[in-house]
Amino acid sequence: MDIRFLGHAAFELTDGDTTVLIDPFLTGNPKAAVSADEVSADAILLTHGHADHLGDTVAIAKRTGAEVVAIVEIANELREEGLEVHDPNLGGTVERGWGSVKLVPAWHTSTTPKGAVNTPAGLIVNFAGKTIYHLGDTALFSDLELIAGRAGEIDLALICVGGHYTMDRFDAVQAAKLIGAREVIPCHYGTFPAIETDVQAFKADVQADSSSHVVVLEPGESHSP
Ligand code: NI
Ligand code: MN
C-alpha cells in the first residue's frame with residue numbers, strides 16, 4: 001500500500017484498487033497537495049469535527065459516493081447531508097470490505113463548523129495488511145501505550161507535532177516512544193504560523209531515543225510503509 005500526505009493532517013491510503021482518505025482538509029489549506037475535486041475516495045475517516053479535519057468531506061463524499069466513518073455526533077450531522085455514514089463511538093470498530101477502523105481516545109476538544117459538539121478520536125486503521133494509527137489532534141497522555149499495545153504491531157503512526165492546538169514536538173517524542181510504531185510520519189505542523197516547528201529535530205529526537213524510524217513527507221509525497 002501507499003500513503004500520500006495531502007498536507008496538515010490529511011492522508012490518502014491506496015492499494016491500487018481502493019482509496020481511503022483521512023481528515024481531507026484541502027480547500028483553505030495553504031499546504032494542500034491536491035484540490036478537493038481531484039481526489040478519489042471509497043471511504044473517508046474522520047478523527048474529529050474541527051474544520052481543519054472535516055474539511056471537504058461532504059463535497060468529496062457527494063462527488064465520489066464514498067462512505068464516511070466518524071464518531072456518532074458527526075455522523076448524525078453528515079447523514080442529514082445525505083451521506084452514507086458509519087457512526088461508532090470511542091472503543092468501537094467498523095469493519096468494511098476495504099479494512100477496518102477503530103476509534104480510540106484523543107485528548108482535545110471539538111465542535112463542527114455547523115455546531116455539533118463531538119469528542120475527538122484517534123483512528124487505528126487496518127488496510128492492505130498494515131496497521132496505521134492516526135493520533136488525531138491530541139495532547140500527550142500515557143494511555144497511548146495501552147491503546148497501541150491493544151492494536152498489536154503498529155506499522156505506521158501519524159503523529160501531530162506542531163504544538164499550540166496539539167502536543168508539540170517534544171511531547172510527540174514521548175508519544176512516539178509510548179506507541180512504538182515501526183515508522184512515524186509527523187503531521188499537523190507548518191500549516192499556519194502558530195504550528196511551525198522543527199520537524200527534522202523531532203525526527204532526530206525520536207530516532208535517538210526509540211527504534212521507530214521517522215519519515216518526513218512534504219505535502220504530495222508518498223511512502224510505502
Ligand atoms: Ni482539532
Ligand atoms: Mn487540527
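In each ligand, atom 1 is the first atom listed, and ligand 1 is the first ligand listed. Only heavy atoms go into these numbers, but all of them, side chains included; no hydrogens, no water, no symmetry mates.
Neither side chain, S100 nor E95, offers a donor N or O lying under 3.5 Å from an acceptor on the other. A donor-acceptor pair shorter than 3.5 Å cannot be found between the side chains of D2 and S222.
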(message) Test ring pair (Phe, Tyr, Trp, His ring centres under 6.0 Å) on H8 and F192; report intermediate values, then the result.
(response) CA-CA 9 Å; H8 198 54; F192 315 110; 5.6 Å; yes

(request) Evaluate side-chain hydrogen bond (donor to acceptor under 3.5 Å, both in side chains) for H50 paired with D137, printing each intermediate quantity in order. (result) CA-CA 10 Å; H50 277 153; D137 283 2; 4.5 Å; no

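The Mn ion (ligand 2) has an N, O or S atom of H53 under 2.8 Å away, backbone or side chain. For residue H188, an N/O/S atom approaches the Mn ion (ligand 2) to within less than 2.8 Å.
With a 4.5 Å cut-off on side-chain heavy atoms, V68 and E84 do not count as touching.
Panel detail: the Ni ion (ligand 1) has protein N, O or S atoms under 2.8 Å away, 4 in number.
At distances below 3.5 Å, at least one donor-acceptor pair connects side-chain atoms of D198 with backbone N or O atoms of A201.
The pair E81-K114 meets the salt-bridge criterion, since a charged nitrogen lies less than 4.0 angstrom from a carboxylate oxygen. Taking 4.0 Å as the cut-off between side-chain N and carboxylate O, R63 and D37 do not count as a salt-bridged pair.
Looking at D137 and the Mn ion (ligand 2) together, the shortest N, O or S contact belongs to OD2. D52 has its closest N, O or S atom to the Mn ion (ligand 2) at the position named OD2.
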